[in-house]
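Both counts, for ligands and for their atoms, begin at 1 and track the order of listing. Here the structure is a predicted model, which means the values were calculated and not measured. FYI, side chains are in, hydrogens and waters are out, and symmetry mates aren't considered; it's all heavy atoms of this structure. Start at 1 with the first residue, then count along the sequence.
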Amino acid sequence: MDKKTSKSYDVIIIGAGSIGVPTAYFMAKAGLRILVLDMLPSVGQASNKHAIGGIRATHSDPSKIHLGNLSLETFSTWQDCNGDDIEWRRGGYSFIAYEDLHATTLKDLIAWQQAHGLDIRWLDRSELLNIIPNLNPKNLIGGTFSPNDGSASPLISAFAFHKHAHEYGAVFQFNESVLDFITTDSKVTGVKTNRGEYHSRWVINAAGGWAKPLSAKLGVNVPVEPDSHEAAITEPVARLFDPMIVDMRNRPGSENFYFYQHPTGKIIFCMTPDPPILGNHTIASSAFLPKAARRLIEVMPVLKNIRIRRVWRGTYPMTPDGSPIIGEIAGYEGYLLAVGMCGQGFMFGPGVGQLLTHLVLNELDDEDKMILESLSFYRKFKTEEVLK
Ligand SMILES: Cc1cc2nc3c(=O)[nH]c(=O)nc-3n(C[C@H](O)[C@H](O)[C@H](O)COP(=O)(O)OP(=O)(O)OC[C@H]3O[C@@H](n4cnc5c(N)ncnc54)[C@H](O)[C@@H]3O)c2cc1C
């Protein structure tokens with residue numbers, strides 16, 4: 001069958017974002033016939049390009065550690081294996097503690113994280129200041145350091161996955177909205193768009209902030225709500241630090257705050273609004289920068305005169321417990337969810353892509369099965385991951 005003209009595929013992926021594009025890459029590489037549909041004009045134009053690029057395996061849940069490790073392997077070897085510079089940098093991650101509660105929480109996790117294969121250690125105040133000398137030393141207790149984590153450009157990565165998925169025969173169609181599903185008995189066998197109908201053995205919902213209304217077309221209520229977050233980037237300065245720094249403190253109007261120094265020297269920072277701001281908003285607010293800049297200077301006072309170049313706003317597709325929903329739905333054979341990526345969809349993209357490829361090819365190993373059970377649609381959504 002001609003891959004370029006056929007309207008029947010092994011897998012249709014709805015959404016060419018952080019999840020859909022690497023999934024297309026791994027599936028097409030495995031020889032599957034793939035169609036990716038996106039309502040926007042190009043890859044990565046929704047949440048993907050709003051992500052700041054953090055990639056970590058430093059989590060407090062085994063399924064997320066495993067997905068993070070799979071992704072780190074892909075991102076860190078991408079340029080050597082495929083030739084594209086995706087701005088990968090292995091700067092590590094550091095969760096810093098200025099409060100006893102956070103120090104205790106982080107320290108209590110370390111033995112467990114190490115037992116799950118993470119390279120992570122606790123650094124006391126002076127050890128941490130050796131690695132990040134410009135941290136505000138006042139009341140600093142210490143922090144974790146995971147040297148294998150890093151960062152890359154979300155949009156350049158999406159372009160790279162797209163280029164190679166296309167070379168392996170995946171078909172991408174943009175400016176095309178999926179309006180409904182085609183079902184036969186209890187099977188999902190294709191989709192209807194504003195341009196036509198397509199048939200496939202599998203249909204993957206990777207629609208990010210739109211996953212819920214899309215799934216509702218089948219009568220499946222997925223608990224994913226778009227939740228808007230903002231970020232900012234500064235002018236470039238000489239290298240000051242390497243890791244992504246996560247400050248877990250609450251401040252008026254925000255929960256945690258995180259930032260890193262891009263390979264070009266610019267500082268990129270982001271914070272979690274408190275209370276959450278629901279909706280697919282993409283227009284930057286006037287409230288973000290005054291609060292976030294204060295938090296940046298609080299953690300790293302040396303940055304007090306740095307100039308901000310740009311602020312932007314995007315979406316976390318949030319679930320009630322802060323973890324993704326991945327896998328099958330009983331009674332809807334052929335329908336797969338890869339939704340609710342929260343603030344971690346970029347870092348999980350290649351891991352999720354490999355997992356779904358194994359699922360579709362019926363090649364799941366024990367770790368894949370563990371992830372699918374943990375991130376199942378049928379879990380209770382009661383306990384939040386500590387490092388979400
Ligand atoms: C400020 C900010 C900072 C962030 N920082 C990080 C970070 O450091 N690390 C990290 O891992 N994550 C980060 N994230 C989160 C990350 O951006 C998301 O988790 C991730 O992009 C979600 O991926 P996705 O593929 O589910 O959704 P998306 O990337 O949004 O892709 C979904 C796609 O589906 C398409 N679509 C939806 N409905 C339809 C339809 N009916 N028909 C056709 N197409 C459709 C959309 O057009 C879109 O292109 C950040 C997010 C923000 C806003």
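Of all protein heavy atoms, the one closest to atom 32 (C) of ligand 1 is A206 O, 3.4 Å. Of the protein's non-hydrogen atoms, the one nearest atom 4 (C) of ligand 1 is A51 CA, 3.3 Å. Scanning the protein heavy atoms around atom 11 (O) of ligand 1, the nearest turns out to be M347 N, 2.7 Å. In terms of protein heavy atoms, atom 25 (O) of ligand 1 is closest to I19 N, 3.0 Å. At the shortest separation from atom 1 (C) of ligand 1 among protein heavy atoms lies H50 O, 3.4 Å. Of all protein heavy atoms, the one lying nearest to atom 44 (N) of ligand 1 is M39 N, 3.1 Å. Of the protein's non-hydrogen atoms, Y316 CE1, 3.3 Å is the one closest to atom 51 (C) of ligand 1.
If you number the atoms of ligand 1 from 1 as listed, the ones under 4.0 Å from a heavy atom of Q344 come out as 10 (C), 11 (O), 12 (N), 19 (O). Atom numbering of ligand 1 starts at 1 in the shown order; those under 4.0 Å from a heavy atom of L40 are 47 (O). Taking a cut-off of under 4.0 Å to the non-hydrogen atoms of H229, the atoms of ligand 1 that pass are 1 (C), 53 (C). Of all atoms in ligand 1, numbered sequentially from 1 with element shown, those under 4.0 Å from a heavy atom of A46 are 30 (O), 48 (C), 49 (O). Each of the atoms 7 (C), 8 (O) of ligand 1 lies under 4.0 Å from some heavy atom of G53. Close approach of ligand 1 to C270 (heavy-atom distance below 4.0 Å) involves ligand atoms 1 (C), 3 (C). Against a heavy-atom cut-off of under 4.0 Å, G314 is close to the following atoms of ligand 1: 53 (C).
Y198 and E176 are linked by a side-chain donor-acceptor pair at a separation below 3.5 angstrom, with hydrogens and angles left out of the test. For the 3.5 Å distance criterion, the side chains of H50 and E230 fail to qualify, holding no donor opposite an acceptor. Residues T319 and D321 have side chains that bring a donor and an acceptor to within less than 3.5 angstrom of each other. Judged purely by distance below 3.5 Å, without hydrogens or angles, the side chains of W202 and D10 never pair a donor atom with an acceptor atom. A side-chain N or O of R295 and one of S254 form a donor-acceptor pair less than 3.5 Å apart.
Considering backbone and side-chain N/O of G54, one or more are found under 3.5 Å from N/O of ligand 1. Note: an N/O pair closer than 3.5 Å links F346 and ligand 1 by distance alone. When only interatomic distances are considered, the shortest N/O to N/O separation between G343 and ligand 1 falls below 3.5 Å. In terms of N/O distances under 3.5 Å, ligand 1 is approached by G345. For ligand 1, one of its N or O atoms has an N or O atom of V178 under 3.5 Å away. Note: an N/O pair closer than 3.5 Å links N48 and ligand 1 by distance alone. Between I52 and ligand 1, at least one pair of N/O atoms sits closer than 3.5 Å.
For L37, every heavy-atom contact with ligand 1 shorter than 4.0 Å involves the backbone, none the side chain. Of the heavy atoms in E176, only backbone atoms (N, CA, C, O) come closer than 4.0 Å to ligand 1. Both the backbone and the side chain of A207 come within contact range of ligand 1, each with a heavy atom under 4.0 Å.
By heavy-atom distance, the residue among S47, G20, G17, C342 lying nearest atom 19 (O) of ligand 1 is C342. The option with the heavy atom closest to atom 21 (O) of ligand 1, from among S18, A338, G15, is S18. Ranked by closest heavy atom to atom 22 (C) of ligand 1, the top entry among G208, P41, P317 is P317. The nearest non-hydrogen atom to atom 48 (C) of ligand 1, considering only T272, T193, D38, comes from D38.
For K217, the NZ atom is loosely surrounded, since the number of other residues' heavy atoms within 6.0 Å does not exceed 12. Residue R195 places its CZ atom among more than 12 non-hydrogen atoms of other residues, nucleotides or ligands, all under 6.0 Å distant.
Residue contacts with ligand 1 do not include G209, since none of its heavy atoms lies under 4.0 Å from the ligand. Distances shorter than 4.0 angstrom do not occur between any heavy atom of Q45 and any atom of ligand 1. Within the structure, the closest approach of M244 to ligand 1 does not fall below 4.0 Å when heavy atoms are considered.
Screening D227, N250, N256 for a side chain to side chain donor-acceptor pair (under 3.5 Å) involving T272 leaves a single residue, N256. Residue Y332 is tested with V203, L218, T183 for a side chain to side chain contact (heavy atoms under 4.5 Å, CB included); the sole match is L218. When each of M341, E225, H229, Q344 is paired with Y316, the side chain to side chain contact (heavy atoms under 4.5 Å, CB included) condition holds for H229 and for no other.
Two rings, from F145 and W122, have their centers 6.0 Å or more apart.
Closest heavy-atom contact between L37 and T193: CD1-CG2, 3.8 Å.
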Pairs of donor and acceptor atoms involving the side chains of residues 94-104, under 3.5 Å and at least two apart or interchain, shall be tabulated with distances.
residue	atom	partner	partner atom	Å
S94	OG	T144	O	2.9
Y98	OH	N136	O	2.7
T104	OG1	D100	O	2.8

Donor-acceptor pairs under 3.5 Å, side chain of residues 108-117 to any protein atom, not counting sequence neighbours: which ones?
residue	atom	partner	partner atom	Å
Q113	NE2	H59	O	2.9
Q114	NE2	I120	O	2.7
H116	ND1	W112	O	2.9

(request) Test ring-ring contact (aromatic ring centres under 6.0 Å, His included) on F346 and F348 and set out the steps. (result) CA-CA 5 Å; F346 170 59; F348 288 154; over 10 Å; no
(request) Please report the C-alpha distance between H162 and F172 in whole Å, then the side-chain angles of each, then the deciding distance to 0.1 Å, and finally whether the ring-ring contact (aromatic ring centres under 6.0 Å, His included) criterion is met. (result) CA-CA 8 Å; H162 168 247; F172 285 78; 4.5 Å; yes
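Counting heavy atoms from C-beta on, the side chains of L135 and L129 come closer than 4.5 Å. Between R33 and S200 there is no side-chain heavy-atom pair separated by less than 4.5 Å.
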